[in-house]
Asks: 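One structure is given below, represented as structure tokens, and several questions about it will come after.
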Amino acid sequence: MEPVQPLTPRVLCSVLSVKSHSCEVTLDSGRALLSWKEVRPRRGRERSRAGACLAQAFQRVRGLTGTLTHRLPSAGHIVPVSEIVSVGEADVDEKYYGMQWKHMCKPHAFTVHYVQRMKKHRWRCKAVTFWCSDEQLYCHWLQALNDLLEQLACRPKRLLVYINPYGGKKKGRQIYEKKVAPLFCLASITADVIVTEYANHARDNIYEVNLDKYDGIVCVGGDGMFSEVLHGLIGRIQKDSDVDHNNPKIPLSRCYMRIGIIPAGSTDCVCFATVGINDPVTSALHIILGDSQPLDVSAVHNKKTLLKYTVSLLGYGFYGDVLKGSEKNRWLGPARYDFSGFKTFLSHRYYEGTVSFQPAKWAVGSPRDNVCCTAGCYICRQSSKQLEEQQRAETYGLQHNEQEENWTTVKGKFMSINIVVMSCACPRSPKGLSPAAHLADGTADLILVRKCSRLNFLRHLIRHTKSNSDQFDFPFVDVYRIKTFQFTPKHSEEDDSESTDLGNIGKKNFAQICTDHPTCGCSQLNSVWNCDGETLEQTAIEMRVHCQLIRLFARGIEDSHKEDDEMPSRV
Ligand SMILES: CCCCCCCCCCCCC/C=C/[C@@H](O)[C@H](COP(=O)(O)O)NC(=O)CCCCCCCCCCCCCCC
Ligand SMILES: Nc1ncnc2c1ncn2[C@@H]1O[C@H](COP(=O)(O)OP(=O)(O)O)[C@@H](O)[C@H]1O
Ligand SMILES: [Ca+2]
């Protein structure tokens, strides 16, 4: 057997007890890994436990590959320190003393709380308590683990939390108090909590607070609540850096203050598309670990005025009418969308207008390449690099001014015009409106659904709910990867108010009568824009994507190979 080289002092290995089992526990601070596995009494030549354990630990450290598995060959556990939530003193349950302790003083115990991956991107906080008789060894372990946790600079210590008691099923407060606050306390995170009293309370408050006190902002609610915090933060950062966000051409200053979303709304597609599940505990754990996921944001303008920012869906036609029809039924909670969706589907309206956009030439991917955005996404990294080079060239004027060139224009009658900055995956549509859209590539996907039959539109809708069907594979559906967009409805409001001839006024009033009596078959003149679940007043708009403008406490969708099914409780 080759001589065991002297271990670097970075590997701490001891035999500690877990419940009534003896375990060999190893902390490799070089690789920042904690592992433990049950030691069975060896028959035959008894090797000293320490020697055996050190030699094995050395083998294991040397053999470890980059991709972590959470389970050692012999059903042990291995946890990256970056996924430990906290380490603290613990009481050992009397019943575990067993015989060998009865004459000893009380043993010393510490509990490690760590993230355990379950099915479908769900995370749970698991606890394991180690104990031993030697107080010095116990202190050494506690110190070594806490020193490593202290070094994780990305973890938030102070958070500003906004709770929307009004969104979704109106359970925001309970969700926070029961599921999230205990975890923040466990991770010794202090939170200043504000329960909003009216719409836009959170947005306005962000302009006042002293942001330097906080490592992040958390919103407990749905996409509308996230949109409020988004507007507050971006508006504040542009104001602080003297950027006039009403100018559609101006590049905006990036926001490095991360935003965490605790899902408590109706659609929660931003949370679902960045974490993979709408689960408050999972989102809380991503916040505690200090994840960071950059996110594209689109700015929507009407002439020289900023209307809204959007990170999920900017939808005209079907989704705009669904939203408009749902606002008056908020008492229905999330079901308001299905109810309004059904009515909107039956009304089967189409809208006329002119769409123009600049395709994202340098984009690495395309909406139909089936390359979905995952944690550490290659396409996002490549595209944002290309974009930065592009912008640098433009600022130095090396690049001919691309703003005016290569606009594509499409006139027509549309069932829906959707621009999605991300996939918009959500419980209603697990793969989203555009499954291959990317979170941080600096582009958005434009989906044009032209006038078609009810049956065909229904088939298109139903494919959103099926995982192995292509909702773009219809002659009346086109999808483009873009970076800027403009829309002008055929019947723009200004024309009606200016022109005095009877026809137009008649048509406008006629349309008004129709809206009040949706049973009539005429097509209502204009729809409304659904911007992240809030309606826009104007229909003539322009939009441009700002690459990686904000950051979330998330890491994108992890590959499923990392999932642990429920671990057999061996130790
Ligand atoms: C027949 C089944 C058809 C299923 C069609 C599923 C498509 C769902 C796509 C969901 C897109 C989600 C985009 C997210 C937008 C959110 O930012 C935004 C705000 O979220 P918040 O409420 O959390 O604040 N949410 C929304 O605007 C809601 C849009 C969701 C619309 C759902 C439409 C339901 C469709 C029902 C059609 C029924 C036709 C049946 C005819 C027999
Ligand atoms: N305290 C409050 N009272 C009334 N409206 C509020 C309050 N707090 C937030 N809102 C508004 O409620 C809207 C919906 O919030 P959201 O959390 O998205 O719920 P949902 O997912 O059900 O739409 C948002 O536009 C937000 O501005
Ligand atoms: Ca994008």
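Numbering of ligands and ligand atoms starts at 1, following listing order.
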Asks: So if I count the atoms of ligand 2 from 1 in the order they appear, which ones are less than 4.0 Å from some heavy atom of Gly168?
Replies: 19 (O), 20 (P), 22 (O)

Asks: Tell me every residue that passes salt bridge (Lys or Arg N to Asp or Glu O under 4.0 Å) with Arg454, counting only those two or more places apart in sequence or in another chain.
Replies: none

Asks: Counting from 1, what ligand 2 atoms have a heavy atom of Gly265 closer than 4.0 Å?
Replies: 21 (O)

Asks: Pairs of donor and acceptor atoms involving the side chains of residues 408-421, under 3.5 Å and at least two apart or interchain, shall be tabulated with distances.
Replies:
{"unit_1": "Lys411", "atom_1": "NZ", "unit_2": "Thr354", "atom_2": "OG1", "d": "3.3"}

Asks: Look at the side chain of Arg450 and the backbone N and O of Pro475, then say whether any donor-acceptor pair between them is shorter than 3.5 Å.
Replies: yes

Asks: For Gly224 and ligand 2, does the shortest N/O to N/O distance drop below 3.5 Å?
Replies: yes

Asks: Under the criterion side chain to side chain contact (heavy atoms under 4.5 Å, CB included), I'd like the reasoning laid out for Asn164 against Cys219: C-alpha separation, chi angles, the key distance, then a yes or no.
Replies: CA-CA 8 Å; Asn164 175 1; Cys219 56; over 6 Å; no

Asks: Minimum distance, heavy atoms only, to atom 13 (C) of ligand 2: which one of Met225, Glu228, Arg330 is it?
Replies: Arg330

Asks: Could Asp244 and Lys304 be called an ion pair, given the rule that one side-chain N must be under 4.0 Å from one carboxylate O?
Replies: no

Asks: Answer whether the closest heavy-atom distance between the side chains of Arg330 and Tyr166 falls below 4.5 Å.
Replies: yes

Asks: Any atoms of ligand 2 less than 4.0 Å from a non-hydrogen atom of Ser266? List them with their elements.
Replies: 20 (P), 21 (O), 22 (O)

Asks: Just by distance, no angles: are the side chains of Lys431 and Gln471 close enough, under 3.5 Å, to form a donor-acceptor pair?
Replies: yes

Asks: Using a 4.0 Å cut-off to any heavy atom of Asp223, which atoms of ligand 2 qualify?
Replies: 18 (O)

Asks: Closer than 4.0 Å to some heavy atom of Glu534 - which atoms of ligand 2 meet that?
Replies: 24 (C), 25 (O)

Asks: State the atoms of ligand 2, each with its element, that fall below the 4.0 Å cut-off from a heavy-atom position in Glu197.
Replies: 1 (N)

Asks: Does a donor on one side chain and an acceptor on the other come within less than 3.5 Å for Ser434 and Asp445?
Replies: yes

Asks: Is any protein N, O or S atom closer than 3.0 Å to the Ca ion (ligand 3), and if so, which?
Replies: Asp296 OD2, Val421 O, His438 O, Asp441 OD1, Thr443 O

Asks: Considering only heavy atoms of Gly221, which atoms of ligand 2 have at least one such atom less than 4.0 Å away?
Replies: 17 (O)

Asks: Give the residue and atom name of whichever protein heavy atom lies nearest to atom 1 (N) of ligand 2, and the separation in Å to one decimal.
Replies: Thr196 O, 2.9 Å

Asks: Check whether any N or O atom of Asn164, backbone or side chain, sits under 3.5 Å from an N or O atom of ligand 2, and answer yes or no.
Replies: yes

Asks: When you check the gap from the basic side-chain N to the acidic O, do Arg158 and Asp192 get nearer than 4.0 Å?
Replies: yes

Asks: Which of the listed options, Tyr162, Tyr337, Tyr166, holds the heavy atom that is closest to atom 4 (C) of ligand 2?
Replies: Tyr166

Asks: Tell me which part of Phe226 gets within contact of ligand 2: side chain, backbone, both or neither, using heavy atoms under 4.0 Å.
Replies: neither

Asks: May I ask whether Arg336 places a heavy atom under 4.0 Å from ligand 2?
Replies: yes

Asks: Could you pull out the N/O contacts under 3.5 angstrom between ligand 1 and the surrounding protein atoms?
Replies:
{"unit_1": "ligand 1", "atom_1": "17 (O)", "unit_2": "Asp223", "atom_2": "OD2", "d": "3.3"}
{"unit_1": "ligand 1", "atom_1": "17 (O)", "unit_2": "Ser312", "atom_2": "OG", "d": "3.2"}
{"unit_1": "ligand 1", "atom_1": "20 (O)", "unit_2": "Asp223", "atom_2": "OD2", "d": "3.2"}
{"unit_1": "ligand 1", "atom_1": "20 (O)", "unit_2": "Thr267", "atom_2": "OG1", "d": "3.3"}
{"unit_1": "ligand 1", "atom_1": "22 (O)", "unit_2": "Thr267", "atom_2": "OG1", "d": "3.4"}
{"unit_1": "ligand 1", "atom_1": "22 (O)", "unit_2": "Tyr337", "atom_2": "OH", "d": "2.7"}
{"unit_1": "ligand 1", "atom_1": "23 (O)", "unit_2": "Asp223", "atom_2": "N", "d": "3.1"}
{"unit_1": "ligand 1", "atom_1": "23 (O)", "unit_2": "Thr267", "atom_2": "N", "d": "2.9"}
{"unit_1": "ligand 1", "atom_1": "23 (O)", "unit_2": "Asp268", "atom_2": "N", "d": "3.2"}
{"unit_1": "ligand 1", "atom_1": "24 (O)", "unit_2": "Asp223", "atom_2": "N", "d": "3.4"}
{"unit_1": "ligand 1", "atom_1": "24 (O)", "unit_2": "Gly224", "atom_2": "N", "d": "3.0"}
{"unit_1": "ligand 1", "atom_1": "25 (N)", "unit_2": "Thr267", "atom_2": "OG1", "d": "3.1"}
{"unit_1": "ligand 1", "atom_1": "27 (O)", "unit_2": "Asn530", "atom_2": "ND2", "d": "2.8"}

Asks: Check for a donor-acceptor pair, side chain of Thr282 on one end and backbone N or O of Trp123 on the other, with a separation under 3.5 Å.
Replies: yes

